[in-house]
Number of protein chains: 2
Amino acid sequence: MVYIGIMETTSSTPMSGRKAQAARNDQVILQAAREVFVADPGAPISAVAERAGVGISALYRRYAGKEILLRKLCSDGLKLYIAEAEAALADDGDPWTVFARFMRRIVEADTHSLTLSLAGTFTPDEDLHRESAHAERLALEVFERARDAGILRPGLEVADLSMIFEQLASVRLGDEERTAQMRHRYLALVLDSLRLTSAGPLPGPPPTAEEIGRRWSTA
Amino acid sequence: MVYIGIMETTSSTPMSGRKAQAARNDQVILQAAREVFVADPGAPISAVAERAGVGISALYRRYAGKEILLRKLCSDGLKLYIAEAEAALADDGDPWTVFARFMRRIVEADTHSLTLSLAGTFTPDEDLHRESAHAERLALEVFERARDAGILRPGLEVADLSMIFEQLASVRLGDEERTAQMRHRYLALVLDSLRLTSAGPLPGPPPTAEEIGRRWSTA
DNA sequence: CCAGAACGGAACATTATGTTCCATGGTTTA
DNA sequence: TAAACCATGGAACATAATGTTCCGTTCTGG
């Protein structure tokens, strides 16, 4: 293919200029990477470039290697998770509404698709560990607030939420929109169950934070 | 490693004889294959041989190639599913008990780990299609019997069961036993929700058989 | 004791994929 | 306008992974 500068006509940011294009590529590449790796965690890096409509070198100029890119994606996911948790904590409306919305937002953000499928495929960063710990802390707060409000089924633990998010992330049917639809369907199902304050406790010991975290050690 | 005949001392089947050992290997290999591919659908065939404690040629003597082996595993899974469905249909005890047990058995049999993770990685057989259709038919009967008994939440469809099985199959934590424990935990959660006969309908159109089946077309 | 079945595992062929490299051609500044 | 600069595209390369074949070895049955 011949090298052709992309002539943008739409623009909130200045349309041309090499820097503008580069900045746009920053976004395009990350978006493509997310889509590609969510669909197939083992996808080759060239697939990301194709999806983004750029050459491979555009990728390597930004990220020194595949692992760096994966770390970046995970980090972004955690940041998103943290933001949603903080939003939930800042909201002092009806406890159940706040809790349910938090769950819905996380499912929509699809943070756990990467988290789950990428676990063990690369060595976590120091920053990643910090962010992960932070996310855990906030999630615990969100959970405890709901529990203390007495709106949750007895026996539930924070770690259960992680497992539920991962299960919902495993739902993948057709295009992105259809997938989102299906996930909402099963989230609704689970939420009704989480709400059963008079139900008996769940069988088996809940997952521990250690069990959940261990999967990140490079196999 | 030097070739050393395995001297079995325990035996329900005659302990020695090349044929006896071969028959035993038939089982060992299938078992190993199931374990390996459930843990990692993309695992190399050599990993199966190692796990089984046999050489590669023992594998190739039985299955002409990887795909044949995968087909065999899927077929076995479907047979298991069919057997459980038939057992449920033959049981005319309390409808909810029968239904819940069916769900539990399928989760325990872990049929959907393979089904899910292998979808699209090989071209389905003619026999596979037949068995799959049969399984679907029986599952529908099991489902309808439960629904007609009025014990299911309104709006549910058979296809929802498949999706739920797949979600539960995505739960994987530590060793096999711990994983089974966790799956029971979340199955219990979901079952409570499926039982909510007075709950509102679930959001979004349910998955169609076509949507679920399409994932088998070799990508 | 021999023919043949079953096996172990090295060797091979092929593919997949991460990474490097360089010519190309916009962009910008002097 | 001209030259330096820099992001880019994509071919080329190195390598690792893995499905499959092949051959010498070992054991059983007759």
Side-chain angles (χ1 to χ4, degrees), chain A residues 1-8 11 13-30 32-33 36-37 40-73 118 121-123 218-219, chain B residues 1-8 11 13-29 32-33 36-37 40-73 118 121-123 219:
Chain A
M1 184 197 288
V2 181
Y3 181 90
I4 295 178
I6 298 170
M7 289 295 129
E8 283 288 344
S11 59
T13 50
M15 86 161 187
S16 186
R18 204 64 163 214
K19 266 182 186 167
Q21 185 193 357
R24 225 174 308 126
N25 277 355
D26 286 348
Q27 299 308 313
V28 171
I29 285 174
L30 277 179
V36 167
F37 287 130
D40 174 12
I45 228 171
S46 61
V48 175
E50 268 181 59
R51 173 77 156 239
V54 303
I56 294 182
S57 70
L59 263 175
Y60 272 89
R61 163 155 300 275
R62 292 167 174 78
Y63 306 97
K66 193 182 191 180
E67 244 190 63
I68 311 280
L69 175 56
L70 292 180
R71 275 205 277 267
K72 167 68 171 168
L73 290 179
L118 259 45
T121 66
F122 67 92
T123 56
T218 307
Chain B
M1 183 198 288
V2 181
Y3 182 91
I4 294 178
I6 298 171
M7 288 297 127
E8 283 288 344
S11 59
T13 50
M15 84 164 188
S16 186
R18 204 67 162 206
K19 265 182 185 167
Q21 185 191 358
R24 226 175 307 128
N25 276 355
D26 284 348
Q27 299 309 313
V28 171
I29 286 174
V36 167
F37 287 129
D40 174 12
I45 228 172
S46 61
V48 174
E50 268 181 58
R51 173 77 154 238
V54 304
I56 294 182
S57 70
L59 265 175
Y60 274 89
R61 162 157 300 275
R62 292 168 173 77
Y63 307 97
K66 195 183 191 180
E67 245 191 61
I68 311 281
L69 175 56
L70 292 180
R71 276 205 276 268
K72 168 68 171 168
L73 290 179
L118 258 45
T121 66
F122 68 91
T123 56

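In what follows, chains carry the letters A, B, and so on, assigned in the order in which the sequence lines appear, proteins first and then strands, with residues in each chain numbered from 1.
Rounded to whole angstrom, the span from the CZ atom of A:Arg61 across to the P atom of C:dT20 amounts to 13 Å. Atom CD1 in A:Ile45 sits roughly 16 Å away from atom C1' in D:dA16 (whole-Å rounding). Residue A:Ile56 contributes atom CD1, which lies 12 Å from atom C1' of C:dC21 at whole-angstrom precision. Across the protein-nucleic acid pair, B:Ile68 atom CD1 and D:dT20 atom P stand 9 Å apart, rounded to whole Å. Taking atom CZ of A:Arg62 as the reference point, atom P of D:dA7 lies 8 Å away to the nearest angstrom. Going from atom CZ of A:Phe122 over to atom P of C:dG18 covers 15 Å, rounded to whole Å. Taking atom OH of A:Tyr60 as the reference point, atom P of D:dT8 lies 15 Å away to the nearest angstrom. Atom CZ of B:Arg24 and atom C1' of D:dT28 are 14 Å apart (whole Å).
Among D:dG9, D:dG19, D:dC22, the nucleotide with an atom closest to any side-chain atom of B:Ser57 is D:dC22. For B:Val54, the listed nucleotide lying nearest its side chain is C:dG8; candidates were D:dT8, D:dT18, C:dG8. The nucleotide whose nearest atom lies closest to any side-chain atom of B:Ala22 is, among D:dT8, C:dG8, C:dA6, C:dA6.
Interatomic distance, OH of A:Tyr63 versus CG of A:Leu73, reported as 7.5 Å (0.5 Å rounding).
In summary, of the residues considered (B:Arg24, B:Lys72, B:Arg62), a side chain to side chain contact (heavy atoms under 4.5 Å, CB included) with B:Ile29 occurs for B:Arg62 alone.
Side-chain atoms of A:Arg71 come within 3.5 Å of backbone atoms of A:Thr123 as a donor-acceptor pair (strictly under, hydrogens ignored).
The side chain of B:Asn25 contributes an N or O atom lying less than 4.0 Å from OP1 or OP2 of C:dC7.
Comparing B:Ala58 and A:Ser46 against DNA chain C, the residue whose closest nucleotide sits nearer the 5' end is B:Ala58.
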Kindly indicate, with the supporting measurements, whether the criterion side-chain contact (heavy atoms from CB on, under 4.5 Å) is fulfilled by B:Val48 and B:Val54.
CA-CA 9 Å; B:Val48 174; B:Val54 304; over 6 Å; no
